[in-house]
Amino acid sequence: QVQLVESGGGLVQAGGSLRLSCAASGRTFSNYPMGWFRQAPGKEREFVAAIKRSGGSTYYADSVKGRFSISRDDAKNTVYLQMNSLKPEDTAVYYCAATRAMLGITTQRAYDFWGQGTQVTVSS
């Protein structure tokens, strides 16, 4: 079992930056690929970014490529999402998730554990 707690959300102006953090419980954090998803009002939850186990590959949605960066610190059991050049359309609740899968980690159905989400609001 993995418990995930996101933090770092808030209100920011367009063009600004935020860094989200996701702290995980458990001693086997380094074994889990991790992902970030988001859900805007009235829309379905969508993939944002994912990272494989330590030293592994990263993946991004086209809409955030070049602006967002996912990273992990296995010593701290934490995964990060650095968000730069934020746009109003990035406004959403952001969720981190952990998966035991090695493939398909850009899809929601691959994920076994989810955090409660953190609100990000980007004003124009």
Side-chain angles (χ1 to χ4, degrees):
Q1 189 77 6
V2 176
Q3 293 184 328
L4 305 170
V5 179
E6 302 96 334
S7 61
L11 174 64
V12 63
Q13 289 188 332
S17 298
L18 282 175
R19 188 177 80 156
L20 305 184
S21 299
C22 174
S25 65
R27 295 175 293 176
T28 58
F29 172 78
S30 61
N31 291 339
Y32 292 92
M34 300 292 295
W36 285 96
F37 293 79
R38 68 186 182 186
Q39 187 167 21
K43 295 187 176 181
E44 294 186 351
R45 190 160 55 186
E46 64 177 4
F47 168 73
V48 175
I51 185 167
K52 286 196 171 180
R53 294 183 296 183
S54 186
S57 303
T58 57
Y59 305 87
Y60 297 94
D62 288 343
S63 59
V64 307
K65 205 170 290 184
R67 300 187 298 122
F68 290 12
S69 178
I70 187 171
S71 61
R72 63 190 298 158
D73 185 338
D74 290 342
K76 295 183 178 180
N77 279 14
T78 301
V79 62
Y80 303 98
L81 185 68
Q82 178 66 44
M83 306 186 295
N84 300 326
S85 302
L86 283 161
K87 305 175 181 180
E89 52 262 45
D90 295 318
T91 295
V93 177
Y94 283 71
Y95 300 88
C96 76
T99 176
R100 289 171 286 204
M102 294 295 115
L103 300 175
I105 65 172
T106 63
T107 60
Q108 295 186 56
R109 62 179 179 270
Y111 287 82
D112 306 292
F113 308 104
W114 292 83
Q116 82 290 347
T118 186
Q119 177 70 47
V120 171
T121 303
V122 184
S123 63
S124 56

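The shown structure was predicted, so the numbers you read here are calculated from the model rather than taken from an experiment.
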Should the pair F68 and Y94 be assigned to parallel (<30°), tilted (30 to 60°) or perpendicular (>60°) ring geometry? tilted
Sidechain-backbone polar pair: R72 side chain, F29 backbone, donor-acceptor under 3.5 Å: yes
Run the salt bridge (Lys or Arg N to Asp or Glu O under 4.0 Å) test against E46 and tell me which residues pass, sequence neighbours left out. R38
Are the side chain of S25 and the backbone N or O of Q3 linked by a donor-acceptor pair below 3.5 Å? yes
Partner set under salt bridge (Lys or Arg N to Asp or Glu O under 4.0 Å) for K43, not counting sequence neighbours: none
How is the hydrophobic cluster of Y59 composed, in terms of its other members, when Ile, Leu, Val, Met, Phe, Trp and Tyr link through side-chain heavy atoms under 4.5 Å apart, directly or indirectly? F37, F47, V93, Y95, I105, Y111, W114
Which salt bridge (charged side-chain N to carboxylate O under 4.0 Å, His left out) pairs, counting each pair once, include a residue from residues 5-21, with sequence neighbours left out? none
When you measure from the side chain of S85 to the backbone of R67, do you find a donor-acceptor pair of N or O atoms at a distance under 3.5 Å? no
Tell me, which pairs form a disulfide (SG to SG under 2.5 Å) where one or both residues lie in residues 63-95, sequence neighbours left out? none
Would you say M83 ends up clustered with Y80 if hydrophobic residues are merged whenever their side chains have heavy atoms under 4.5 Å apart, either directly or through other cluster members? no
Can you name the nearest heavy-atom pair linking G104 to A110, along with the distance? O-CB, 3.3 Å
Residues passing the side chain to side chain donor-acceptor pair (under 3.5 Å) test with Q108, sequence neighbours excluded, are R45
Please give me the minimum heavy-atom distance between A92 and A40, naming the atom from each residue. CB-N, 3.8 Å
Before giving the answer on side chain to side chain contact (heavy atoms under 4.5 Å, CB included), spell out for M102 and R53 the whole-Å C-alpha distance, their side-chain angles and the decisive distance to 0.1 Å. CA-CA 9 Å; M102 294 295 115; R53 294 183 296 183; 3.9 Å; yes
What is the minimum heavy-atom distance between Q116 and V5, and which atoms define it? OE1-CA, 3.8 Å
With salt bridge (charged side-chain N to carboxylate O under 4.0 Å, His left out) as the rule and sequence neighbours excluded, what pairs involving residues 91-103 come up? R100-D112
Pairwise distance OG1(T28) to CG(D74) - rounded to 0.5 angstrom: 10.5 Å
Please list all pairs passing the salt bridge (charged side-chain N to carboxylate O under 4.0 Å, His left out) test where one or both residues lie in residues 114-124, with sequence neighbours left out. none
Of all heavy-atom pairs linking K76 and T78, the shortest is O-OG1, 2.8 Å
C22 side, atom SG; N77 side, atom CG - distance, nearest 0.5 Å: 10.0 Å
According to salt bridge (charged side-chain N to carboxylate O under 4.0 Å, His left out), does anything in residues 114-124 pair up with another residue at least two apart or in another chain? List the pairs. none
Test side chain to side chain donor-acceptor pair (under 3.5 Å) applied to E89 - qualifying residues, sequence neighbours left out: none
Apply side chain to side chain contact (heavy atoms under 4.5 Å, CB included) to I51 and W36, showing your working. CA-CA 9 Å; I51 185 167; W36 285 96; over 6 Å; no
Results of side-chain contact (heavy atoms from CB on, under 4.5 Å) for V12 - residues two or more places apart only: L18, L86, V122
Using every non-hydrogen atom in the two residues, find where P33 and A101 come nearest and quote the distance to one decimal. CG-O, 3.3 Å
Go through the structure and list residues passing side chain to side chain donor-acceptor pair (under 3.5 Å) with T121, not counting sequence neighbours. Q119
List the atom of S17, the atom of N84, and the distance in Å for their closest heavy-atom pair. OG-OD1, 2.9 Å
With a 4.0 Å cut-off on N to O distance, would you call D90 and K87 a salt bridge? no
